Amino acid sequence: MAKQITPRDEDYSRWYIDIVKKAGLADNSAVRGCMVIKPYGYAIWEKMRDQLDLMFKETGHVNAYFPLFIPKSFLSREAEHVEGFAKECAVVTHHRLMNDPHGSGVVVDPDAKLEEELIVRPTSETIIWHTYKDWIQSYRDLPLLINQWANVVRWEMRTRPFLRTTEFLWQEGHTAHTTSQEAEEEAERMHEVYARFCEDFIAMPVIKGAKTDNEKFAGAIETYTIEALMQDGKALQAGTSHFLGQNFAKAFDVKFLNKENKEEHVWATSWGVTTRLIGALVMTHSDDEGLVLPPKLAPIQVVIVPIPKPGDEIDEQAERIRKGLSAKGITVKYDRDDTKRPGFKFAEYEMKGVPVRLAIGKRDLANGVIEVARRDTKEKTSIPLDQILEHVPQLLEEIQENLLQRTRAYRDDHITEVDSWEEFQSVLSDKGGFLSAHWDGTVATEKKIKELTKATIRCIPLDVKQESGKCIYTGEPSTRRVLFAKAY
RNA sequence: CGGGGCGUGGCGCAGUCCGGUUAGCGCACCUGCUUUGGGAGCAGGGGGCCGCAGGUUCGAAUCCUGCCGCCCCGACCA
């Protein structure tokens, strides 16, 4: 047993890190808080990125690229915004190194001090709005629908692979519109795109909702969120979409002439998802044997393992199947590495979360079958060789569907309506998950509850129904329930 | 930034209290043979500034001083 991972119920946090490392997704790096995304982990990100990019294009967006560095003064333009990010910015103060006159190595050249410091982008609103000012004059220039794929840096105190790292990869959409309504619709549209992506591709159901004033993005009028539930009962914010109103347009003086030849500030949105989605994927589906990948995002969807050694006839069948499945757009790996034994390969591909494993040996050949093992249920069956090309595509779909159903059932089972403070506390500590409860709508109460229980308001669900009730903590009147949870 | 823990071949550790030959073990790696239907066995082999810098000593992985780094937990956050 070369690679053991810590069981979930023993130490969930350790389990997560073990999977990330042992499935080959990422490594720690020489830089504190930053990770190396390894080829297998990056392949998952590429699949996510390609699919999302397609969905952005389908909704009319184009890609562009803005600078990594932002002049410090830009961040002072929008007061709320700077307050949200000031504490976690990396700052460039010099532009040159020199040999250390007192010894070996290099030192920062004191003569190379920048006149104005540059901030490594924590997000790009400011540099983008500065640029948009030049791009927008008329209503005919609108809407402006731009996305960028980039890295950003937020100097977090505590990091965890994929879930929170100092540098991370993401996409950020930044749009400008003629009317408030159009911008709001855009924020809602992208919110929906994210939710659909999570369900259809990650097989991870999410709750769509709005953030409270306290939790929303610095500088936004409204923040929409998708909230997912992890296996340990904690919530994870998987993506956000913001209606920014005219806040940035005013801060960066971005105006357009409308049809009546009157100047107006434009209306804005921004929206993003990050490599955190990989962390979400891991914590949603994986088990004590390793990673479990939804077929639609698996870098290898099917692996064929020969038993015991590749022989001519086994090779022939394996190649036939590989080509047949490839022709149907399925990614197949035929692993004929004879320095590793089948048992080792089984464990290895389970660790890596490959959805379907085909094993073929002399015994199977004699019976005209092949062994099919699915990663999600660990079920093994024998399928006639002449049916395998039809069977595997169906099975992949079934696995994708099963993962979604399974996760949705777990999620639905972990949304608990609570109506008393005692119940709130006991359900939170014993069961976890989302607590649907009445809240008086004040930041003070929200903060008090967080202080007492560590639970925060994850969102006000979009599909919330109006019902009168009393705040779980203060007993003040309330018109609808909100979702509380402990969160990542 | 607080509270814990840890730095010894690629990885995981023992050795440190009580200084004493060539610094050891498991995994991984290389070679060979036998194996191969759930993480193979045997034999041989390669690989170490013991985190860094000073100091004490005949002698330091071990004792002293200073520094650096990492991990876990908490407050902040996608």
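All chains are named by letter (A, B, ...) in the order of the sequence lines, taking the proteins before the strands, and each is independently numbered beginning at 1. What you see is a predicted model; the values in this text were computed from it and never measured.
- Between A/R158 and B/C76 there is no side-chain N or O to OP1 or OP2 distance below 4.0 Å.
- Within the nucleic acid shown, A/T240 has no heavy atom closer than 4.0 Å to any nucleic acid atom.
- In this structure, B/A75 forms no base pair with any nucleotide, since neither Watson-Crick nor G-U wobble geometry is met with both distances under 3.5 Å.
- In this structure, A/Y473 has its ring center no closer than 6.0 Å to that of A/F424.
- Considering only the side chain of A/K380, B/G38 comes nearest among B/C72, B/G39, B/G38.
- Remark: A/E313 CD is loosely packed, at most 12 non-hydrogen atoms of other residues, nucleotides or ligands lying under 6.0 Å away.
- The pair A/R374-A/E398 counts as a salt bridge, with a side-chain nitrogen and a carboxylate oxygen less than 4.0 angstrom apart.
- A/I226 comes within 4.0 angstrom of no nucleic acid atom, judged by non-hydrogen atoms across all strands.
- The separation between A/D335 atom CG and B/G37 atom P is 15 Å, rounded to whole Å.
- B/C49 sits 11 Å from B/U8 when the P atoms are compared, rounded to a whole Å.
- Distances were taken from every side-chain heavy atom of A/D364 (C-beta onward) to each of B/G37, B/G38, B/C73; the shortest belongs to B/G37.
- Remark on RNA chain B: of its neighbouring residues A/K216 and A/I17, the 5'-side contact belongs to A/I17, judged by nearest-heavy-atom nucleotide.
- Look at A/S13 and you'll find a side-chain N or O under 4.0 angstrom from OP1 or OP2 of B/C73.
- Annotation: B/C70 and B/G37 have their P atoms spaced 44 Å apart (nearest Å).
- Note on ring orientation: taking the six-membered ring where Trp is involved, the planes of A/F56 and A/H61 are perpendicular (angle over 60°, cut-offs 30° and 60°).
- Using Watson-Crick or G-U wobble geometry with both donor-acceptor distances under 3.5 Å, B/C27 finds its partner in B/G10.
- Residue contacts shown for A/K378 are absent, as no nucleic acid heavy atom lies under 4.0 Å away.
- When distances are taken from the side chain of A/R14 to each of B/G39, B/C72, B/G37, the shortest belongs to B/C72.
- Base pairing annotation: B/C70 forms a Watson-Crick or G-U wobble pair with B/G5, both donor-acceptor distances under 3.5 Å.
- When both pairing distances are held under 3.5 Å, B/C63 makes a Watson-Crick or G-U pair with B/G55.
- With salt bridges taken as basic N to acidic carboxylate O contacts below 4.0 Å, none links A/K378 and A/E350.
- As rounded to whole Å, 16 Å separates atom P of B/C11 from atom CG of A/D18.
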* Chi angles and distances behind the side chain to side chain contact (heavy atoms under 4.5 Å, CB included) call for A/I304, A/V332 -> CA-CA 7 Å; A/I304 306 174; A/V332 187; 3.8 Å; yes
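- With B/G37, B/G39, B/C76 as the candidates, the nucleotide lying closest to the side chain of A/A359 is B/G37.
- Proximity of a side-chain donor or acceptor of A/W15 to a complementary backbone N or O of A/D287 within less than 3.5 Å is detected.
- The gap from the C1' atom of B/A61 to that of B/U16 amounts to 7 Å, rounded to the nearest Å.
- Among the nucleotides B/C71, B/C76, B/A40, the one closest to the side chain of A/R341 is B/A40.
- Spacing between B/C27 and B/G41 at atom P, rounded to whole Å, works out to 8 Å.
- With C1' as the reference atom, B/A28 and B/G15 are 22 Å apart, rounded to whole Å.
- Across B/C76, B/G38, B/G39, the shortest atom-to-atom separation from the side chain of A/F346 is found for B/G38.
- The distance between atom CZ of A/R160 and atom C1' of B/C73, rounded to the nearest whole Å, is 11 Å.
- Closest contact between the side chain of A/K454 and the listed nucleotides B/C73, B/G38, B/A75 involves B/A75.
- Base pairing of B/C18: no nucleotide in any strand meets the Watson-Crick or G-U wobble criterion (both distances under 3.5 Å).
- Among the heavy atoms of the strands, none lies under 4.0 Å from A/S382.
- Base pairing of B/C42: its partner is B/G32, meeting the Watson-Crick or G-U wobble criterion (both donor-acceptor distances under 3.5 Å).
- For B/C50 and B/G24, the P atoms lie 14 Å apart once the distance is rounded to whole Å.
- Heavy-atom nearest nucleotides on RNA chain B were determined for A/F162 and for A/L365, and the one closer to the 5' end corresponds to A/L365.
- The interatomic distance linking A/K486 (NZ) with B/G74 (C1') rounds to 13 Å, in whole Å.
- As a whole-Å value, the separation of A/E156 CD from B/G74 P is 15 Å.
- Counting non-hydrogen atoms under 4.0 angstrom, A/L236 reaches nothing in the nucleic acid.
- If you take CG of A/D288 and C1' of B/G39, they are 17 Å apart, rounded to a whole angstrom.
- Taking atom NZ of A/K21 as the reference point, atom C1' of B/C27 lies 16 Å away to the nearest angstrom.
- Using a 4.0 Å heavy-atom distance criterion, A/K340 is classed as making no nucleic acid contact.
- B/G59 and B/G66: their C1' atoms are spaced 24 Å apart (whole Å).
- Using cut-offs of 30° and 60° on the angle between ring planes, the pair A/F201 and A/F197 is parallel.
- Here, B/C73 and B/U22 have their P atoms 43 Å apart, quoted to the whole Å.
- Listed nucleotides B/G38, B/G39, B/C71 differ in distance to A/E350; the shortest reach to its side chain belongs to B/G38.
- In this structure, A/D11 atom CG and B/C73 atom C1' are separated by 11 Å, rounded to whole Å.
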